[in-house]
Protein chains: 2
Amino acid sequence: MSRSNPRVLSTLERAGGFASAQEVYRLMQREGESIGLTTVYRSLQSLVNDKIVDVLRRDDGEAIYRLCGEAHHHHLVCKSCGDTVEIEGGAIEKWAKVMAEEHGFREVGHTAEIFGLCSKC
Amino acid sequence: MSRSNPRVLSTLERAGGFASAQEVYRLMQREGESIGLTTVYRSLQSLVNDKIVDVLRRDDGEAIYRLCGEAHHHHLVCKSCGDTVEIEGGAIEKWAKVMAEEHGFREVGHTAEIFGLCSKC
DNA sequence: AACAGGAATGAAAATCATTTTCATTTGTGG
DNA sequence: CCACAAATGAAAATGATTTTCATTCCTGTT
């Protein structure tokens, strides 16, 4: 068992929102940090074990990580131009919580996205 | 664009619950069906496009498919055993509509999923 | 300071699901 | 029967993730 490399965590923080292991790695490289991809993966896994970060899956199956507890938001995405608006999801949080309780689920997280055509398109 | 091979759909039905592309393939082989893995993938994709099957992700990132039962619903998925409960999302529908209006979006759809640990895990 | 043993690191190879390529087969209308 | 499009599948390519393993880095101990 290895412990997490602190620079990985700090990079994930700086990334804001979600980032995949590959993205964290590329980001660190671009910033001149000397680190191996393996270490990035190991560190992220360790952070997940310690429940310091959440892990989700993108549509394509790539794992994306995010700081636990970080105020998370949802997205409103335009199908046509790809423009994205960050929106708040108070209603969702409540819904997720209620549904989870109703079915005896614990440690729940959720994903929610809205997509459509923005006013310009 | 290829159309779905009907044997793939029928195998997915017979599998009950969720099955990954690899599982559908193995199942068909075991039953003596002559089919290629590529065709299984293509057929499943096509079924997803036609909204005949749902696709989700297991914890390990593998895509799992299942016949789309009813109309529009959301999922409560166990991260550990993959058990899935279909839940109703009235709150979400409303939230999506309000958020879309607020930002001038039209023709909106949405995705929402909750995941956690079920009572058995 | 030198040393030992364990943890951390990363390059390269291995894995595994999924996608792409491409040559072959099949089916259908003319 | 022929031509042409769609379907098929074997093999290669892709891409994320994991494993292997040799090396480096710590840290506590003589």
Side-chain angles (χ1 to χ4, degrees), chain A residues 1-13 15 17-67 109 111, chain B residues 1-12 15 17-67 77 79-82 84 111 113 115:
Chain A
M1 294 297 131
S2 66
R3 236 192 265 74
S4 156
N5 180 316
R7 289 174 296 156
V8 169
L9 179 54
S10 108
T11 303
L12 184 57
E13 271 172 11
F18 287 105
S20 70
Q22 303 279 347
E23 284 164 357
V24 169
Y25 175 64
R26 273 180 237 125
L27 201 51
M28 294 181 80
Q29 296 236 302
R30 227 176 291 133
E31 291 173 354
E33 299 254 29
S34 163
I35 195 167
L37 184 54
T38 313
T39 301
V40 172
Y41 272 103
R42 272 193 289 240
S43 292
L44 287 171
Q45 263 164 356
S46 155
L47 288 168
V48 169
N49 283 342
D50 297 348
K51 312 227 198 263
I52 295 170
V53 313
D54 272 346
V55 57
L56 289 185
R57 292 274 167 186
R58 284 220 191 100
D59 257 10
D60 65 355
E62 192 172 357
I64 49 181
Y65 305 83
R66 140 188 107 174
L67 278 180
T111 54
Chain B
M1 297 294 132
S2 68
R3 237 193 264 67
S4 157
N5 181 318
R7 289 174 297 155
V8 169
L9 179 55
S10 109
T11 303
L12 184 57
F18 285 105
S20 70
Q22 303 278 348
E23 284 164 357
V24 169
Y25 176 64
R26 274 179 237 123
L27 200 52
M28 294 181 79
Q29 295 236 303
R30 228 176 289 133
E31 291 173 354
E33 298 254 30
S34 163
I35 195 167
L37 184 54
T38 313
T39 302
V40 172
Y41 272 104
R42 272 194 288 239
S43 293
L44 287 171
Q45 265 165 354
S46 154
L47 289 167
V48 169
N49 284 342
D50 296 348
K51 312 231 199 271
I52 295 169
V53 314
D54 271 346
V55 57
L56 289 184
R57 294 272 166 187
R58 283 219 193 99
D59 252 13
D60 65 355
E62 195 173 353
I64 48 182
Y65 305 83
R66 165 184 79 168
L67 278 179
V77 188
K79 304 193 248 208
S80 171
C81 67
T84 302
T111 57
E113 255 179 55
F115 43 87

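Quick note on labels: first sequence line is chain A, next is B, and so on, each numbered from 1.
In this structure, A/R57 atom CZ and D/dT17 atom P are separated by 6 Å, rounded to whole Å. For the pair B/L47 CG and D/dA7 C1', the interatomic distance rounds to 15 Å; values are reported in whole Å. Atom P of nucleotide D/dT20 and atom CZ of A/R42 are separated by 12 Å, given to the nearest angstrom. Counting to the nearest Å, the P atom of C/dG10 and the CG atom of A/L37 are 10 Å from each other. Atom-to-atom, CD of B/E62 to P of D/dT17 comes out at 14 Å; the value is rounded to the nearest Å. In this structure, CD1 of B/I64 is placed 10 Å from P of C/dT18, rounded to the nearest angstrom. Rounded to an integer number of Å, the gap from B/L44 CG to C/dT19 P is 10 Å. Computed from coordinates, the B/R58 CZ to C/dA17 P distance equals 10 Å when rounded to whole Å.
Of all heavy-atom pairs between B/N5 and B/S43, the closest is N-OG, 2.9 Å. Between A/R58 and B/R57, the shortest heavy-atom contact is O-NE, 4.2 Å.
Among the heavy atoms of the strands lying under 4.0 Å from A/Q22 is at least one base atom, whether or not backbone atoms are also near. Counting any heavy atom pair closer than 4.0 Å across all strands shown, B/Q45 reaches sugar-phosphate atoms only and no base atom. When heavy atoms are screened at a 4.0 angstrom cut-off, B/D60 is found touching no nucleic acid atom at all.
Candidate nucleotides D/dT8, D/dA16, C/dA12 were compared by shortest atom distance to the side chain of A/T38, and C/dA12 ranks first. If you check D/dG9, C/dG10, C/dT18 against the side chain of B/I35, the one that comes closest is D/dG9.
Contact check, B/R3 against D/dA7: a side-chain N or O comes under 4.0 Å of OP1 or OP2. For C/dT18, one of the phosphate oxygens OP1 or OP2 lies less than 4.0 angstrom from a side-chain nitrogen or oxygen of B/Y41. Dashed line: the shortest gap from a side-chain N or O of B/N5 to OP1 or OP2 of D/dT8 is under 4.0 Å.
When only modelled atom types and interatomic distance are considered, B/E33 and B/Y25 share no side-chain donor-acceptor pair under 3.5 Å.
A distance-only check finds no donor-acceptor pair linking the side chain of B/T11 to the backbone of B/V24 [under 3.5 Å]. With hydrogens and angles disregarded, a donor-acceptor distance shorter than 3.5 Å links the side chain of B/D60 to the backbone of B/E62.
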